[in-house]
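Every value quoted in this text rests on a predicted model; they were computed, and no experiment measured them.
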Amino acid sequence: MEKAVSEVKVSSIFIYPVKSCRGISVSEAPVTPTGFRWDRQWLVVNYKGRAYTQRVEPKLALVEVQLPNEAVLENWEPTKSSYLVLKAPGMDVLKVSLSTPQEIADGVSVWEWSGAALDEGADASKWFSDYLGKPSRLVRFNAASETRPVEPEYAPGHQIMFSDMYPYMLSSQGSLDALNELLKEPIPVNRFRPNILVNGCEPFSEDLWTDIRIDKLTFQGVKLCSRCKVPTINQATGIAGTEPTNTLKKIRSDAVLRPTGKQQGRVYFGQHLVWRDSVTGGVKGNVVKVGDLVYVLKMVSSANEAAA
């Protein structure tokens, strides 16, 4: 039986248009099969076409990203005067047209995927090359010609653009608060780069959610989100430390959460989601808004039973 678990609500929504650059907090966002609209559509690559991320270029954390305010409205389409605007310390403002670029960049790769992407041109290339101090290009996912499937054993039929792993990542304020109680210096939620932050549930209860409904849209909880180096990078300075990973190893490792499962030396925070309605035909009004109620439709009894 579905239930609004003690009035769990969406408290924040974040999109990250350029992978590994700063996110944007929005009051609503259109839902698409590959993630919120505009999320991880762009990628910074090196001279070989290989993706840069904060793991190796933490300065990307300081790149501020702006979209037109109306870009998050459902069915909005860009005009010739619509721009993605990028700012970074010591750099002039870069304006990238939201119109589809005509140049193709072949041999773009991110993790296991490689393919062609849309090249955003010389100005964007020079801007990122100057900022990072090495040859770079800005590319955009070419949804007209490319597909990037997620792991078929967990969510067959679903796809992403330049996200890691899955289209959506959800975490809870309760989990962040519980972690911060154990840290000498509390951290903000931007360390974990979720798309959806919810409030009103017990810490880490999102581990257990396998089917949820946000307003009228249904999502599947696919697997726990294993964390890399990025949460240790201060998103205001680009400087890495040892927390929260050291503390997560004590309370959120697979040895703690999944003692009977395969031990992979991982730590977990958050839950990967896919949008169920995108496979079954969808509904009109595909928007998630801050304040939407979250209903848990199905759950497992412990993190040991959750996929990871």
State, with a plain yes or no, whether a side-chain heavy atom of N304 is found less than 4.5 Å away from one of P259.
yes
S136 to V44 - nearest heavy-atom pair and separation
CB-CG1, 4.2 Å
State, with a plain yes or no, whether a side-chain heavy atom of L86 is found less than 4.5 Å away from one of K95.
no
Side-chain donor or acceptor of N46 paired with backbone N/O of R50 under 3.5 Å
yes
Look at the aromatic rings of F36 and Y168 and report parallel, tilted or perpendicular, splitting at 30° and 60°.
perpendicular
The reported gap from OG in S226 to CZ in F269 (rounded to nearest 0.5 angstrom) is 13.5 Å
Using the rule that Ile, Leu, Val, Met, Phe, Trp and Tyr join whenever any side-chain heavy atoms are under 4.5 Å apart, tell me whether V267 and F192 fall into a single cluster.
yes
Here the pair of heavy atoms bringing A116 nearest to I104 is CB-CG2, 3.9 Å
What pair of heavy atoms forms the shortest contact from I187 to L176, and how long is it?
O-CD1, 3.8 Å
If you draw the axis of the six-membered ring of Y295, does the NZ or CZ of R213 fall within 45° of it and under 6.0 Å from the ring centre?
yes
Option among R193, R55, R227 that satisfies the salt bridge (Lys or Arg N to Asp or Glu O under 4.0 Å) test with D164:
R55
Under 4.0 Å between a Lys/Arg side-chain N and an Asp/Glu carboxylate O for K184 and E243?
no
Donor-acceptor pair between Q66 and Y83 side chains, under 3.5 angstrom
no
Does a side chain donor of either W209 or Q271 reach within less than 3.5 Å of an acceptor in the other side chain?
no
Using a 6.0 Å distance limit plus a 45 degree cone around the ring axis, check whether K59 lies over the aromatic ring of Y131.
yes
Cationic tip of K19 within the cone over F162's six-membered ring, i.e. under 6.0 Å and within 45° of the normal?
no
Looking at N195 and M169, would you say the former's side chain and the latter's main chain have a donor-acceptor pair under 3.5 Å?
yes
Less than 4.5 Å apart, any side-chain heavy atom of D207 and any of Y268?
no
Which heavy atom of V65 sits nearest to which heavy atom of R22, and what is that distance?
CG2-O, 3.6 Å
Just to verify, which of V8, V10, V31 counts as forming a side chain to side chain contact (heavy atoms under 4.5 Å, CB included) with I214?
V10
Here the gap from T260 atom OG1 to D254 atom CG, rounded to the nearest 0.5 Å, amounts to 11.0 Å
Q54 vs Q235, test: side-chain contact (heavy atoms from CB on, under 4.5 Å). Steps then yes/no.
CA-CA 10 Å; Q54 283 188 35; Q235 297 295 295; 2.8 Å; yes
For residues Y16 and C21, report the shortest heavy-atom separation together with the two atoms involved.
CD2-O, 4.2 Å
Could you tell me whether E112 atom CD has more than 12 heavy atoms of other residues or ligands within 6.0 Å of it?
yes
Can a donor-acceptor pair be found, under 3.5 Å and without considering hydrogens, that links the side chain of E74 to the backbone of N286?
yes
Does one hydrophobic cluster hold both V294 and I13, with members joined at side-chain heavy-atom distances below 4.5 Å?
yes
On the ring face of F204, is R252 found with NZ or CZ under 6.0 Å from the centre and within 45° of the axis?
yes
Is there a side-chain contact between V110 and V45, using heavy atoms and a 4.5 Å cut-off?
no
I want to check something: taking the side chain as every heavy atom from C-beta on, are Q41 and P17 in contact at a cut-off of under 4.5 Å?
no
Under a 4.5 Å side-chain heavy-atom rule over Ile, Leu, Val, Met, Phe, Trp and Tyr, are F14 and L273 clustered together?
no
Could you tell me if the side chain of W38 sits less than 4.5 Å from the side chain of T32, heavy atoms only?
no
Give a yes or no on whether the backbone of A240 and the side-chain of T232 come within a donor-acceptor separation of less than 3.5 Å.
no
Side chain to side chain, F141 and I160, heavy atoms closer than 4.5 Å
no
OG1-CG distance between T218 and L297, expressed to the nearest 0.5 angstrom
6.0 Å
S175 side chain to E206 side chain, donor-acceptor N/O pair below 3.5 angstrom
yes
Report the C-alpha distance between Y52 and K134 in whole Å, list the side-chain angles of each, state the deciding distance to 0.1 Å, and finish with yes or no for side-chain contact (heavy atoms from CB on, under 4.5 Å).
CA-CA 11 Å; Y52 281 133; K134 55 189 74 173; 3.0 Å; yes
Side chain E146, main chain A144, donor-acceptor under 3.5 Å:
no
Test L170 against I212 for side-chain contact (heavy atoms from CB on, under 4.5 Å), laying out the working first.
CA-CA 11 Å; L170 176 147; I212 64 171; 4.0 Å; yes
From W111 atom CH2 to R148 atom CZ, the distance as rounded to the nearest 0.5 Å:
9.5 Å
Residues E77, R37; criterion salt bridge (Lys or Arg N to Asp or Glu O under 4.0 Å); working and verdict
CA-CA 11 Å; E77 290 300 329; R37 190 180 185 190; 3.6 Å; yes
Quick check: do V288 and F219 have side-chain heavy atoms less than 4.5 Å from each other?
yes
The test is side-chain contact (heavy atoms from CB on, under 4.5 Å); show your working for W42 and L84 and say whether it passes.
CA-CA 10 Å; W42 286 269; L84 176 78; 3.9 Å; yes
More than 12 heavy atoms of other groups within 6.0 Å of D123 CG:
no
As an exercise, state the distance from NZ of K9 to NZ of K289, rounded to the nearest 0.5 Å.
14.5 Å
Do L67 and V139 share a hydrophobic cluster (ILVMFWY, side-chain heavy atoms under 4.5 Å, transitive)?
no
Flag yes if V18 and V85 sit in one hydrophobic cluster, no otherwise; membership is Ile, Leu, Val, Met, Phe, Trp, Tyr, and two members link when side-chain heavy atoms are under 4.5 Å apart.
no
Is the side chain of R258 donor-acceptor paired with the backbone N or O of Q263 at a distance under 3.5 Å, no angle test?
no
Enter the distance from W113:CH2 to M161:CE here, rounded to the nearest 0.5 Å.
10.5 Å
What's the shortest heavy-atom distance between E202 and S205, and which atoms?
O-OG, 2.8 Å
CD/Q102: more than 12 non-hydrogen atoms of other groups inside 6.0 Å
no
